[in-house]
Amino acid sequence: PVPTNVMGYQEARTGESYAGVYCLFVPGSSLDYREYLQVRLSQEMVTGHRYVVSYWISLAESISNSGVDQMGVAFLPDSLEIVDYFYVLSDVEPQLETEAGSVFYDTENWVHISDTFESEGNERWMILGNFIPHTDMNNEIIGDTTLYGGLLSYYYYEDICVLDLDSDSGAVGSQEVRLLACGDTMVLYGRDPGDAYTWNNGDTTHFLTIIDSGTYWVKTIDLASCAVYVDTFIIQAEPTIRLPLDLGNDTTLCTGDIIL
């Protein structure tokens, strides 16, 4: 149950629930117990496409006595059937892994983890957890290590998101027409909030300053909603107003003549 459960207390970051796994449990010298989250992606990954992976974790304070580093995410073509509950997936090489020495020990707040990688193609399953043997881990002790006979780290997981940065499939967006006066500049903005932006000219800033008419678009990555937005701006030149001008009849002047 949320927010109080046998592992500890934590409010859901969004929604009403979250998941949790043992990322380390070493009650004896020969045992390295782990759990993993495994999920099937909505579609197969595309070779050469860049993907951003984002998720939030929090260390469960009631049962955990240490924090760990090197949290990982692996993407595989097929699912894994784990029959040995004492098995650490050290033979699986995750595409993403947090920095060694950066230990996650916050029990009060949700900590954000995000990174990108390039797909080799055909990945359809995602596995989250810790793939490092406990002998190669770094730990931050936060409690009594004798209570369970050794180190124990249980993490809650929330708001797991995977987005294809090189595809507009499934993207939502808007189209807006604006007028640009001759000689003026205009500033176009991506969506706010947003975590990353890509404009049609390759710029990656939140805004783009333009001086010419034309069609511009911006792709916004919003990890909070796990969505890709593509917004289009059609910039048209403001029509020039031509005023009628009457100079009257032609008049011929000779030297010394004056026109009043």
Answer yes if the ring centres of Tyr155 and Tyr22 are under 6.0 angstrom apart, and no otherwise. no
Can you classify the ring geometry of Tyr51 versus His49 as parallel (below 30°), tilted (30 to 60°) or perpendicular (above 60°)? tilted
Under a 3.5 Å distance rule, please check whether Tyr154 uses its side chain to pair with a backbone N or O of Gly20 as donor and acceptor. yes
Give me the other members of the hydrophobic cluster that Tyr189 sits in, counting Ile, Leu, Val, Met, Phe, Trp and Tyr linked by side-chain heavy atoms under 4.5 Å, directly or via other members. Val187, Phe207
Just wondering, more than 12 heavy atoms not from Ile211 lying within 6.0 Å of its CD1? no
Test of understanding: with salt bridge (charged side-chain N to carboxylate O under 4.0 Å, His left out), list the residues that count as partners of Glu176, not counting sequence neighbours. Arg178
Do Tyr156 and Tyr18 have ring centres separated by under 6.0 Å? yes
Closer than 4.0 angstrom, basic N to acidic O: yes or no for Arg191 and Asp231? yes
Does the Lys NZ or Arg CZ of Arg13 fall within the cation-pi geometry relative to Trp56 - under 6.0 Å from the ring centre and within 45° of the axis? yes
Give me the ring orientation class for Phe25 and Tyr148: parallel if the planes are under 30° apart, tilted from 30 to 60°, perpendicular past 60°. perpendicular
Could you grab the distance from atom OH of Tyr55 to atom CE of Met71, nearest 0.5 Å is fine? 6.0 Å
Interatomic spacing from CG in Leu179 to OG in Ser213 - rounded to 0.5 Å: 10.5 Å
Interatomic spacing from CG in Leu151 to OG in Ser64 - rounded to 0.5 Å: 11.0 Å
Scan side-chain atoms only and decide if Glu35 and Tyr33 contain a donor-acceptor pair under the 3.5 Å cut-off. yes
Ignoring hydrogens, what is the shortest heavy-atom contact between Leu163 and Ile221? Give both atom names and the distance. CD1-CG2, 3.7 Å
Identify the two heavy atoms, one from Phe131 and one from Ala74, that lie closest to each other, and give their separation to 0.1 Å. CZ-CB, 3.9 Å
